[in-house]
Participant: 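Here you go, one structure.
Worth knowing before you read on, the calculation uses all heavy atoms, side chains too, and leaves out hydrogens, waters and symmetry mates.
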Amino acid sequence: MLRSLFNKFKASEKPKKSPYDDFWYSAVPALSAAGVPVTPENALRVSAIWACNKVICETIALLPFLTYQKQSDGGKQRAENHYLYYLLKESPNKIQTSFEWRMTLLTHKNLYGRAYSPIKRDYFGNIIEFGLPIHPTQVQNQLMADDTLRYKVTRNGENRIYLQDEMLYLPGLTLNGYDGISPIEAGSDTIGLARATELFGAKFFQKGARPNAVLEHPNTLSEGAQNRLVKSVKRMAEEGVLVTEEGIKYSSMSNTPEESQFLQTRQHQIEEVCRWYRMPPHKIAHLLRSTFTNIEHQSLEFATDTILPQVKSFEGRIKKTVLDGDNYFCEMLMEGLLRGDIKTRQDAYTKEFYRGTLSRNEIRILENRNPIPGGDSYYMQTNMTRISEDGTIESSGIEQVKEPTDEEQE
């Protein structure tokens, strides 16, 4: 019998972690000023952190990621036959799509300040795969004597070294030029306060939405009164009514949510988190200061101030690591984020069309429509002429072009 009890006790114990387990390489919690430990993982429990990361990652992952070849006239052409074209646009590895791969990398960057994806090449040096992103806590950056980086990856107690051209590395804000700073660690006090308010709210409602209290009696409470009081307290948890006797006084020991400015603190912490990620609050459904007159301008600011820096950083790292010195480059198409409403777009297209800077087919492509036969011609209105210094009207020197009819524009 004793043996069976001992075996049962041993079975209930948690298994000890191996000295080589990845657990020992995970992020160490930073104790915030609010007394709540903060790590990138538990920071995701803060709704504002989750929303900011998700909005940034999904917005960038949705953008078409294309490979181009530079042209001699300064233009560019899609390099659909280049080995990178399919990897970046569709499937970088055997498991993930391009959307999922970018989501993972950008989540690592937003939480840890750095992201890693190993590069696999064939015998000729062409990239055949961007491997599954490696968790940032498993990678250590090492600056070499020749001013290049190498990456020491530790998994299950085993180490592996990757050279600079063997790893796609996305750093965030950095002080030494190569080690990204984690926004979660830098903002641990802000995030800790947000976590503390959520924990306070959870515990408050767990207790039936009542603050801690004390019952005071001037003398010794009789045994019968004690029993009745215990039953009354239990009934209060269900019915919300406490019946006291023999002069017992009820007094609160903690502040109510209103006295603690609970809701105001939670709303303020949402704005504080948005500052760390340069996120317009309306993008994460915080609409206290948004109006119908400024929401469109805020959306454009989101594209130029929040998304564009991340996009340029991603494109630059691809160029630096993979295509450095080559005649090719990669670009995420952001036109969809910068477009206004349909009336604004049509007005802009009309001006560009009559200036001769856009053809009908180019406009159709911008609107995600197929080209039409004969739509590559350019048109220009020539009803303006130059006035010479002596006041005479000179010929424009441009052949008059007939303005296209509505049927032709269609």
Participant: Are D122 and Y83 linked by a side-chain donor-acceptor pair shorter than 3.5 Å?
Facilitator: no
Participant: Would you kindly say whether E352 and T357 are connected by a side-chain donor-acceptor distance under 3.5 Å?
Facilitator: yes
Participant: Please confirm whether the ring centroid of H135 lies under 6.0 Å from the ring centroid of Y112.
Facilitator: yes
Participant: Where is the tightest heavy-atom contact between N370 and R364, given as atom of each residue plus distance?
Facilitator: O-NE, 2.8 Å
Participant: Between Y116 and H108, does the ring centre distance come in under 6.0 Å?
Facilitator: no
Participant: Kindly write out the residues that satisfy side chain to side chain donor-acceptor pair (under 3.5 Å) with K76, not counting sequence neighbours, or none if the list is empty.
Facilitator: E331
Participant: Just checking, any donor-acceptor pair under 3.5 angstrom between side chains of S359 and N361?
Facilitator: no
Participant: Can you list everything that forms a side chain to side chain donor-acceptor pair (under 3.5 Å) with N93? Sequence neighbours excluded, please.
Facilitator: Q96
Participant: Please list, chain by chain and in numerical order, all residues satisfying side chain to side chain contact (heavy atoms under 4.5 Å, CB included) with A285, sequence neighbours excluded.
Facilitator: none
Participant: Compute the ring centroids of F65 and F314, then answer whether they are less than 6.0 Å apart.
Facilitator: yes
Participant: To the nearest 0.5 Å, what is the distance between NZ on K109 and CG on L170?
Facilitator: 6.0 Å
Participant: Between F353 and Y379, does the ring centre distance come in under 6.0 Å?
Facilitator: yes
Participant: We want to know whether N81 and Y86 form a side-chain donor-acceptor pair, criterion being a heavy-atom distance below 3.5 angstrom.
Facilitator: no
Participant: Going by heavy atoms in the side chains, are T104 and T107 under 4.5 Å from each other?
Facilitator: no
Participant: If you take all heavy atoms of L63 and L333, which pair is closest and at what distance?
Facilitator: CD2-O, 3.3 Å
